[in-house]
Amino acid sequence: MTPVHFAFSSTFLLGLTGLAFHRTHLLSALLCLEGMMLSLFVALSLWTLELNSASFSAAPMLLLAFSACEASAGLALLVATARTHGTDRMQNLNLLQC
């Protein structure tokens with residue numbers, strides 16, 4: 001495994017472990033998701049550059065567009081949660097309550 005591949009896989013796994021173990025606030029979970037998406041974007045961009053293929057050149061931009069949509073939806077949920085519950089702590093969020 002090259003150092004570049006190790007860096008991107010460790011970045012993705014660091015975001016995944018942050019999402020799994022450090023879930024006190026909704027904002028920290030959203031930041032971990034965004035870090036995972038950015039590591040996937042950079043890895044996919046470098047993969048298309050290594051292949052020298054024009055057929056995969058649109059895939060990183062499509063992933064970046066979906067990442068931006070995911071970030072905007074996450075921020076909208078964060079604002080709505082902060083307005084209704086008064087906080088973004090994950091312990092206060094219960095899906096069974098109205």
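Atom OG of residue Ser28 and atom CG of residue Asp88 lie 7.5 Å apart, to the nearest 0.5 angstrom. Distance check, rounded to the nearest 0.5 Å: CG of Leu19 to CG of Leu33 gives 5.0 Å. To the nearest 0.5 Å, atom CZ of residue Arg89 and atom OG1 of residue Thr81 are 14.0 Å apart.
The hydrophobic cluster around Phe66 extends to Leu62, counting ILVMFWY residues whose side-chain heavy atoms fall within less than 4.5 Å of a member.
Under a hydrophobic clustering in which Ile, Leu, Val, Met, Phe, Trp and Tyr are joined whenever their side-chain heavy atoms come within less than 4.5 Å, directly or via other members, Leu14 and Leu27 fall into different clusters. Under a hydrophobic-cluster definition in which Ile, Leu, Val, Met, Phe, Trp and Tyr are linked whenever side-chain heavy atoms come within less than 4.5 Å, directly or via other members, Leu26 and Val79 are assigned to different clusters. No single ILVMFWY cluster, assembled from side-chain heavy atoms under 4.5 Å apart, contains both Met61 and Leu38. Leu30 and Leu77 are not part of a single hydrophobic cluster, where members link through side-chain heavy atoms under 4.5 Å apart.
Applying the ring-ring contact (aromatic ring centres under 6.0 Å, His included) test to pairs two or more places apart or on separate chains, those with a residue in residues 19-53 are Trp47-Phe56. Sorted by first and then second residue, the pairs that involve residues 5-18 and meet side-chain hydrogen bond (donor to acceptor under 3.5 Å, both in side chains), not counting sequence neighbours, are Thr2-His5. Within the structure, side-chain hydrogen bond (donor to acceptor under 3.5 Å, both in side chains) contacts touching residues 29-38 (residues at least two apart or in different chains) are Glu34-Ser67.
Minimum heavy-atom separation, Gly18 to Cys32: C-SG, 3.6 Å. Scanning all heavy atoms of the two residues, the minimum distance from Ser72 to Cys69 falls at OG-O, 2.9 Å.
Phe12 meets the side-chain contact (heavy atoms from CB on, under 4.5 Å) test with Met36, Ser39, Leu40; sequence neighbours excluded. Residues forming a side-chain contact (heavy atoms from CB on, under 4.5 Å) with Val42 (at least two apart in sequence, or on another chain): Phe8, Leu46.
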